[in-house]
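In the text below, chain A, chain B and the rest are named by the order of the sequence lines, each starting its count at 1. Fair warning: this is a prediction, and the values are worked out from it, not measured in the lab.
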2 protein chains.
Amino acid sequence: MRPSDLPQVRALRLFESMSDPSFAALMQASYLQTFPAQLDLIHEGESADFLYVVIEGCVELYARSNGREATMAMAHPVTTFILAAVLRDAVYLMSARTCTRSKLLLIPAQNVREALEGDDGFARAIIQELAGCYRGVVKEYKSLKLRTSVEQLANRLLRYRKERGDADGAFELPYDKKTLASLLGMTPENLSRSFNTLKPYGVEVNGSQVRLTDVKALEILAKPNTLIDERAN
Amino acid sequence: MRPSDLPQVRALRLFESMSDPSFAALMQASYLQTFPAQLDLIHEGESADFLYVVIEGCVELYARSNGREATMAMAHPVTTFILAAVLRDAVYLMSARTCTRSKLLLIPAQNVREALEGDDGFARAIIQELAGCYRGVVKEYKSLKLRTSVEQLANRLLRYRKERGDADGAFELPYDKKTLASLLGMTPENLSRSFNTLKPYGVEVNGSQVRLTDVKALEILAKPNTLIDERAN
DNA sequence: CGTAGATTTGACGGAGTTCAAGCCTAGTGG
DNA sequence: CCACTAGGCTTGAACTCCGTCAAATCTACG
C-alpha cells in the first residue's frame, strides 16, 4: 500500500494506540485497494481471511436465509467490518458488497491475531471497538423488535437530519430507497407507503431529497430513544 | 463471597487465563448473591456499575421503547451479561430480571476495567468473550430479519431438541410460553397458533412438554442454518 | 427522444395483533 | 377429598400491517 495512505489508517482509534513496529508490520502485510460499485467482497460461511476497513465509499453487509435476503448494516468511512469473525478465526456471518466505488484496506486475519498477541495497546483498542460494535447491533436489534416500520423510518430520518442536515434541516438519503427499505426491514413498496404515512408529519420527499418541516410532530410519532438512536454510548 | 464458590467462577473461560493475583483481587471486590425469581436487577439507561455472571438460575434481558417491551435474550449458567456496557463505562442498553431464583456474581465495573489494564491474559479472554457475544446477537438479528414467526419457532424447537432432548428426543420448554413468545418476537396468542401450524410437521405439545415426531419434515420447513442456529462459530 | 431501472400505486392475500371469551391446571381453603 | 379461584394458555373474530404481483409512472442517461 502507498505510504501516503498510512496516516489516515494510523489515525483510526483502532490503530492509534498500537506500537510503531506492530503497526508497520501489520500494514506491511495489508492491501489498500479500490473496488468498483456493486462488487461482492465476501460471502457468509467463508472463513475470515481478512479484516476490512472502509477508507472511502460504502459497503453493504447483508445476509441470506430461508430464501430471503436482508441488509444487516452499512459500513462507512472510517470503520472496520467483520472484526469478530477475524478475532475468533471463524467464518463470516454476513456477506458484503460495495455500494459505491470504495477504497478498502484489507488486513490479513492471521496478522491481526498476531498483532493482538504482541501488542497490548492494540488488544485494548480492539476491546473498545468490539464493545462499540456490539452495542451497535444491540441497538439495531432493539429498534427492529420494538418499533413498527413507520416508527423506524421516522427515527432514521430524524437521525439523518441531525447527522447531515443542512441549515434548513434538509438532507439527502444516503442510499437508494431499495437499500434503505432492506436496511429498515421492509419492502421498497412498503417504504414508499411509509413515506406517504409520514407526509402529515412534515416529511417532504423529492427523489432522494428530504426535508422535515415539523420535527416536533415527527418526534411525537417516532419517540426517539437515546438508548437506540444515539451514536455514542 | 464464599471460597467454595470460587472454583466454578475461576473455570469460566473469561477468567481461566487470568493471573492468580488479578483474579484474587477481582473476587475480593465481588459479591455472590442469590436473588428470588422475578426480581429486577438492572434497568436500561442506568450506568453500568457491575458486571454480572449467572452462576445458577436464569436471567431475562429485556428492553422497552415506544410503549412496548420485548425480551432480548436469556442468560444461563455460566455466562456473563452486559459486558460491553461495563467495558465502555456506559449505560446499560438492556434491563434484566431473574426468571427463577438465581445465584449471580456481581463484579464491580471499575474493578473489571482495572483488571483489564493490568492483566493481558484477561484482556484477550475478554476479546474472545465479547466477539462471541457479538456474533450471538448478529445471529439473533439475522433470525428475526430473515425468518417468519413459524420458522423461528421451528428452528428454536430443533435447537432445544439437540441441546436437551432425551433419548426419545422429547424435551421441556425452558421458559413459560409468554416469555418464549416475547423472545421469538411474537405475542403469546401467535405462539399458540404457531404451535398449531407446526402440528402437521410432527410437533406434539403438552403443556411445557414437546416431542418432535418428524424431524425431517420440520427441518424442511425450518431450513436450519449453521450461520444462525449453531452455538459454536 | 428512447430505454432500462428505480419508484410508486393499486389490488389482493397472508401473517400477525388485538380484544374478548373460554378452557385448563395448579394451588387454596373448606 | 372436593370445590374454587387465579393465572396461564388457547381459541375465535375482526382488523391492521405488510408482502406480493402487476401495472403505471418517473428518471437518468445515452
Side-chain angles (χ1 to χ4, degrees), chain A residues 36-38 60 64-71 97 99-101 143-157 172-201 203-210 221-222, chain B residues 37-38 60 64-71 99-100 143-157 172-201 203-210 221-223:
Chain A
Q38 302 302 327
E60 177 186 359
R64 273 185 239 265
S65 190
N66 299 56
R68 291 161 213 125
E69 177 180 315
T71 302
R97 65 167 82 95
C99 300
T100 59
R101 181 182 157 84
S143 185
L144 188 61
K145 249 188 157 165
L146 291 165
R147 288 172 169 164
T148 65
S149 294
V150 172
E151 286 167 354
Q152 285 216 75
L153 175 59
N155 279 296
R156 183 69 60 151
L157 294 177
E172 186 161 350
L173 293 175
Y175 328 111
D176 60 27
K177 291 182 181 169
K178 200 177 89 175
T179 307
L180 181 60
S182 181
L183 186 60
L184 295 175
M186 54 178 122
T187 58
E189 292 95 326
N190 200 28
L191 175 64
S192 181
R193 288 177 182 121
S194 297
F195 272 124
N196 275 328
T197 305
L198 291 179
K199 206 173 281 178
Y201 297 86
V203 176
E204 294 179 1
V205 185
N206 221 304
S208 65
Q209 290 296 321
V210 178
L221 173 90
Chain B
Q38 302 302 330
E60 177 186 0
R64 273 186 240 265
S65 190
N66 298 57
R68 290 161 213 128
E69 177 181 317
T71 302
C99 300
T100 60
S143 185
L144 188 61
K145 249 189 158 167
L146 291 165
R147 288 172 169 163
T148 64
S149 295
V150 172
E151 286 167 352
Q152 284 214 78
L153 175 59
N155 279 295
R156 184 67 61 149
L157 295 177
E172 186 161 352
L173 293 175
Y175 329 111
D176 59 26
K177 290 182 182 170
K178 201 176 89 176
T179 306
L180 181 60
S182 182
L183 186 60
L184 295 175
M186 55 177 123
T187 58
E189 292 95 327
N190 200 30
L191 175 63
S192 181
R193 289 178 181 119
S194 297
F195 272 125
N196 275 329
T197 305
L198 291 179
K199 207 172 279 176
Y201 297 87
V203 176
E204 294 179 0
V205 185
N206 222 304
S208 65
Q209 291 296 321
V210 177
L221 173 92
K223 298 181 188 61

When rounded to whole Å, the CG to C1' distance for the pair B:Asn190 and C:dT18 reads 12 Å
Is there a donor on the side chain of A:Arg68 or the base of D:dG19 sitting less than 3.5 Å from an acceptor on the other?
-> no
Kindly give the heavy-atom pair with the smallest separation between B:Leu221 and B:Ala154, and that separation in Å.
-> CD2-CB, 4.0 Å
Contact under 4.0 Å: B:Ser149 side-chain N or O vs C:dG16 OP1/OP2 = yes
Report the distance from atom CG of A:Asp176 to atom P of D:dT27, rounded to the nearest whole Å.
-> 16 Å
Is the phosphate of D:dT10, meaning OP1 or OP2, less than 4.0 Å from a side-chain N or O of B:Asn196?
-> no
How do B:Arg193 and A:Gly185 order along DNA chain D: which one's closest nucleotide is nearer the 5' end?
-> B:Arg193
Please state whether the phosphate of D:dG7, meaning OP1 or OP2, lies under 4.0 angstrom from any side-chain nitrogen or oxygen of B:Lys178.
-> no
In whole angstrom, what separates B:Asn206's CG from D:dC9's P?
-> 13 Å
A:Lys145 atom NZ is separated from C:dG16 atom P, nearest whole Å, by 14 Å
Where A:Lys145 and B:Ser182 come nearest, the two heavy atoms and their spacing = NZ-O, 3.5 Å
Sidechain N-carboxylate O distance under 4.0 Å for A:Arg97, A:Glu69 = yes
When you get a sec, tell me which of C:dT17, D:dC9, C:dT7 is the closest nucleotide to the side chain of B:Met186?
-> C:dT17
Roughly how many Å is it from CZ in A:Arg147 to P in D:dC17, rounded to a whole number?
-> 18 Å
Pairwise 5' ranking along DNA chain D for A:Gly207 and A:Ser194, keeping only the more 5' one | A:Ser194
Between atom CD in B:Glu151 and atom C1' in C:dG16, what is the gap in whole Å?
-> 14 Å
Taking 4.0 angstrom as the limit, do A:Arg68 and B:Glu151 come out as a salt bridge?
-> yes
Of the listed nucleotides C:dT17, D:dT20, C:dT7, the one nearest the side chain of A:Lys177 = C:dT7
d(CD, A:Glu189; C1', D:dA23) in whole Å = 12 Å
Figure out the CG/P separation between A:Leu191 and C:dT8, and round it to whole Å.
-> 7 Å
Is the distance from OP1 or OP2 of D:dG19 to the nearest side-chain N or O of A:Thr187 less than 4.0 Å?
-> yes
Between B:Asn66 and A:Ala222, which heavy-atom pair has the shortest distance, and what is it?
-> ND2-O, 3.1 Å
